[in-house]
Every structure is written in C-alpha cells, then in structure tokens.
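Just so it is clear: chains get the letters A, B, ... in the order the sequence lines come, proteins before strands, and each one is counted from 1. Basis for what follows: all heavy atoms, side chains included, without hydrogens, waters or symmetry-related copies. Source: prediction; values computed, not measured.
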There are 2 protein chains.
Amino acid sequence: MSVITVLLVDDHLVVRSGLKALLGTQPDIEVVAEASSGEEALAAVEGHSPDVVVMDLAMGPGMDGIEAIRKIRERNRRQAVLVFTTYDSDADIVRAVDAGAMGYLLKDAAPEEIFAAVRGAVQGKSVMSPPVASRLFQQLRNPDDVLTPREAELLSLLTEGLSNKELGQRLFISEATVKTHLAHIYAKLGVETRAAAIATAIRREGMR
Amino acid sequence: MSVITVLLVDDHLVVRSGLKALLGTQPDIEVVAEASSGEEALAAVEGHSPDVVVMDLAMGPGMDGIEAIRKIRERNRRQAVLVFTTYDSDADIVRAVDAGAMGYLLKDAAPEEIFAAVRGAVQGKSVMSPPVASRLFQQLRNPDDVLTPREAELLSLLTEGLSNKELGQRLFISEATVKTHLAHIYAKLGVETRAAAIATAIRREGMR
DNA sequence: GGCGGTATCAGCCAAAAGGCTGAGAGACCA
DNA sequence: TGGTCTCTCAGCCTTTTGGCTGATACCGCC
C-alpha cells in the first residue's frame, strides 16, 4: 500500500497545524505541502502533485476556495479536492461540488471521518459530513428551489453589499443579466427584495 | 521559570489539535486540558486550575464563549482568559472584554503572537491582534459612530429585510423618519446602501 | 435659559432596484 | 434532432431608495 500525499490549504495556520497533527497519526497519509491562499495552492499542486487537496473555502482576499478548486481540476484531473470548512452553506456546497470537489467536510468532523474522506477521495469515492449530505438530500426533493452555480455565486457577492453595477463588473456580465439572475434568486429564496435576500442568505445559507 | 499551564476551549477538534501542536513547541507552555464546550470548560478549570484559558467564542449550542468567560472569572480570578476566534465583531470584542477577557486574538494570528499573548496573560498584560486593537481604538476615538437606541432598533429590523414603508409601520413612524434614521445609520457604519448596512450589521455587529 | 443630542417629519430630486416580456447562444440529454 | 436548462442581454415602466436641506419638539444638563 502506497502513501497518500496531501496538500493542506487554509488561511489559518492553526487549522493547518491541527490537520497536519491529526493526519500525521495515520501511517498511510502524509502531508507534503501547505498553502494559505488559492494562489499558493495552485503553485503547491504544480510543485508537489499531491493525491488529495484538503481545502478551506473561506480564504481572505484574493482567489477564493471555489475558484481554486476549479483551477486545480482544470489543470490536472488527478488531484481529488476535499472541502474542509466551517459552514454548511447550501450555496457553497452546490458551487464546490460543481467546481469538482470530491467531498465536503465540516470542521467539527471526527478524525475518523477525515481519514475516511481522504482515503475515499483517492479511490474516487465522495464523502460528505452528515449535515452536508442531509442538505443535499433535501434539495433533491425541491429541485426547483436549488440555486444554479452562477446564481449561488451572485448571491454570495450580494451578501457583500454590492450594487447591481458592481456585481456586473465583478462577474464580467451586464447589469441586465445581473437583474435576471437576481429575479430568479428572489423567486427561489421566496423573497421580494435584495435586503430580504441578503438576510435570508446570511442566516439560512450560513453565508458570511 | 515555571511552566505556564493552559486549557484549550474550542468546539473544533482540529483547532485544538493545532493549538496544542503550536504551543507544544514552547518549553515554558504546557497544554494540560482541552474542552469543546462552555460547560466542559468550567469543569476543566475546576479540575486543572490552569494559568491561562484559550477560548473560542463560537461554540455551537449551549453556553457560549462570553458566558463561559464570565463564569470562569466569577469563580476564580486567578485564571487569565484569552479569546481566540475567527471574527473581529465589534460587539463580541466589547462583550468579551467586559466579561473579563485578558486578550483577543484572531485565528490567523502568527504563532509568535499567540505565544506572546499567553505569556503576557499570566503577567496581567492584555494582548490584542492588531485588527482588534484598531477597532477598539477607533471606537474610543469616534464615539460619534455609536448607534443610538432607536437607530439600533431600526438596524435590527432592517436585517429582517423590511422596506422603508414596513419599517415605518412597524415602528409607528413615518417613512420620512425612517429615511432620516437610515441616513444616520449608514454614516455611522460607513456604508452607502441598505444592502451593505445589512451585511455589515449581521457580520460585524453580530446581529442575527 | 440656552445647548446638544435624539426623535420626529416634509419636499425635492437623482439613482438604484424591481417587474415584465422577449430573445439568442451553448450545453446536455433523451 | 428537438427539448430543456443555463447564462446571457435589451427595453420599458414603476417603485424604492438615497442625498439634500430644513424644520419642530422633547429631554437632560450645565
């Protein structure tokens, strides 16, 4: 049995240190590199070509986790990416899976769960924390209310307090398109104003 | 020189593990106990009587970090409590300091910062992460930015996603007055739109 | 008795947001 | 190959929001 090589990506040194300590107890898993930003993560993937990338989604300014996942998957489909984050936001789950994540773990996961996820990932198995899985399950029952990846992305930026114009500039689309997306988002969230959408998104979706 | 004993309190095993690994590199610091909730923390303080308690504020259901700090300080003033958390919410900082916290560190703090904070805490020195200190400083310098009770009430309703008309009806005031209050709130929060105000209120002020 | 802070309200105007209809391009799938 | 989904864009119109100026009233305080 060969050793599984892992790249850790998290902007908090404490979390990287903790993961490293936990994974270090497993003889068949080895942390070969760490990164604290999306940019660093891409470089580390090139340099170390790890089997599994364990990544937080929230990573301060610059490239966010979703974008990093997408780029990693674009360049090299060998790496399996595991999301390891604090919040089980509906929108983030959808976007992460869409970007090519193999699993989605919450930070309060038990060590065994994490080990199992890493081992499963290299075999192409997808592993979810129970709360995450239940959210996905619930969404399958109401497929009409599931945000598309683009809508989720827009909603995420919406919670930053941006105007339609700013949203358009940020996403390289026209203001008209922004308004179309927003109308769909409002309908799916069951709200009528952007203010209510933001409130709903932050509270219900766990966005922040 | 005697060894500083530390109790770690965080609901994420990964974070505890990481802190333990980091603090373990220091010969004069020893982690003697861990807890994953406020209740456990109180018991651990009784049992181990550590010199310093390093605690996250957000801890799932049950007693929150602030309450735990207050109770620890009530029962035994020997322990110094250091807050170690992810978000620099104005409200949380004020509440934590008020509850008796000796320091306030963010999770992206450098290891040296953490070590220094632990060592400082036992000597009665208070240590803040730079972003935290700057927030406190800003509040002291600019008391004008403190919301009046009425403004706070309005902001709280604002985060529900209500329109100006609805706000007026809810508070029994005219829409004109609502707009006046909002203008003041925006100025104090440093934002220009209601969307940004909601985002700021929920995130920074911890409203929810 | 005046002064500052708070809360209340009005009117005017420009900008932003939202509702509506319609439509083309590309992907995916049966 | 045709249907469906997603993402993109446009125009038109109404409503809402935000910026501004100015005003009245109450309250506590020196």
Side-chain angles (χ1 to χ4, degrees), chain A residues 66-67 70 73-74 90-91 93-100 139-201, chain B residues 139 141-201:
Chain A
I66 302 283
E67 203 179 330
R70 199 179 305 280
R73 299 286 299 165
E74 269 172 15
D90 283 353
I93 295 174
V94 170
R95 288 171 63 212
V97 170
D98 180 69
Q139 291 192 339
L140 287 180
R141 265 185 309 187
N142 278 20
D144 287 354
D145 289 348
V146 178
L147 298 179
T148 68
R150 192 58 156 172
E151 286 162 0
E153 190 180 4
L154 206 141
L155 179 57
S156 171
L157 286 177
L158 190 65
T159 66
E160 308 276 323
L162 303 185
S163 69
N164 291 349
K165 183 180 294 186
E166 291 169 324
L167 289 172
Q169 290 169 347
R170 198 74 85 82
L171 296 175
F172 305 107
I173 58 181
S174 78
E175 209 178 320
T177 305
V178 170
K179 291 170 86 170
T180 303
H181 283 309
L182 284 181
H184 294 158
I185 291 172
Y186 295 165
K188 289 180 178 179
L189 291 185
V191 300
E192 277 160 11
T193 66
R194 104 169 16 213
I198 293 173
T200 303
Chain B
Q139 287 195 338
R141 212 186 30 186
N142 236 349
D144 287 355
D145 289 352
V146 177
L147 298 180
T148 69
R150 192 57 156 175
E151 285 163 0
E153 189 180 4
L154 207 141
L155 178 58
S156 171
L157 286 177
L158 191 65
T159 65
E160 309 275 325
L162 303 184
S163 69
N164 290 349
K165 183 179 295 185
E166 291 170 323
L167 289 172
Q169 290 169 348
R170 198 72 86 83
L171 297 175
F172 305 107
I173 57 180
S174 79
E175 211 178 319
T177 305
V178 170
K179 292 173 78 173
T180 303
H181 284 310
L182 284 181
H184 294 157
I185 291 172
Y186 295 164
K188 289 180 179 180
L189 292 184
V191 301
E192 276 160 8
T193 67
R194 96 168 28 211
I198 293 173
T200 303

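The span of DNA chain D lying next to chain A, judged by atoms under 4.0 Å from heavy atoms, is bounded 5' to 3' by D:dT6 to D:dA10.
Checking the phosphate oxygens (OP1, OP2) of C:dT6, no side-chain nitrogen or oxygen of B:Arg150 falls inside 4.0 Å. Using a 4.0 Å cut-off, no side-chain N or O of A:Asn164 falls inside it from OP1 or OP2 of C:dA16. In this structure, B:Thr177 does not reach the C:dT8 phosphate: none of its side-chain N or O atoms is under 4.0 Å from OP1 or OP2.
Between the OG1 atom in A:Thr148 and the NE2 atom in A:His181 there is a gap of 6.5 Å [rounded to 0.5 Å]. How far CD of A:Gln169 is from CG of A:Asn164: 11.0 Å, rounded to the nearest 0.5 Å. Atom-to-atom distance recorded for A:Thr193:OG1 and B:Leu162:CG is 8.5 Å, nearest 0.5 angstrom. Summarising the geometry, atom CD belonging to B:Glu151 is positioned 9.0 Å from atom CG belonging to B:Leu189; distances are rounded to the nearest 0.5 Å. Note: B:Glu160 CD to B:Glu166 CD = 11.0 Å, rounded to the nearest 0.5 Å.
Atom CG of B:Leu182 and atom P of C:dT8 are 12 Å apart (whole Å). Per the geometry, CG belonging to B:Leu154 stands 15 Å off P belonging to C:dT6, to the nearest Å. The NZ atom of B:Lys188 sits 12 Å away from the C1' atom of C:dA7 (whole-angstrom rounding). Whole-Å rounding puts the A:Glu175 CD to C:dA17 C1' distance at 9 Å. Between A:Ile198 atom CD1 and C:dA17 atom C1' there is a gap of 12 Å when expressed in whole angstrom units. Here the C1' atom of nucleotide C:dC9 and the NE2 atom of B:His184 are 12 Å apart, to the nearest Å. Going from atom CD1 of A:Ile185 over to atom P of C:dG18 covers 11 Å, rounded to whole Å. A:Lys165 has its NZ atom 17 Å from the C1' atom of C:dG18, to the nearest Å.
Scanning both residues, B:Glu192 and B:Tyr186, for their nearest heavy atoms gives O-CD1, 4.2 Å.
The closest side-chain donor-acceptor pair between A:Ser174 and A:Thr177 falls under 3.5 angstrom.
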>> For a side chain to side chain contact (heavy atoms under 4.5 Å, CB included) check, start with the C-alpha distance between B:Leu158 and B:Ile185, then their side-chain angles and the critical distance, and finish with the verdict.
In response: CA-CA 11 Å; B:Leu158 191 65; B:Ile185 291 172; 5.6 Å; no
>> side chain to side chain contact (heavy atoms under 4.5 Å, CB included), that's the test. Do B:Leu167 and B:Leu154 meet it? Break it down for me.
In response: CA-CA 7 Å; B:Leu167 289 172; B:Leu154 207 141; 4.1 Å; yes
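Relative to the axis of its first five pairs, the axis of the last five pairs of the helix from C:dG1-D:dC30 to C:dA30-D:dT1 sits at 40°, rounded to 10 degrees.
For A:Glu67 and A:Arg70, the salt-bridge test fails: no basic side-chain N is under 4.0 Å from an acidic carboxylate O.
At a threshold of 4.5 Å between non-hydrogen side-chain atoms, the residues A:Arg150 and A:Ile173 count as touching.
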>> I'd like to compare against my own output: the B/S/- annotation of nucleotides 19-29 of chain C with a strict under-4.0 Å heavy-atom distance to protein.
In response: B----------
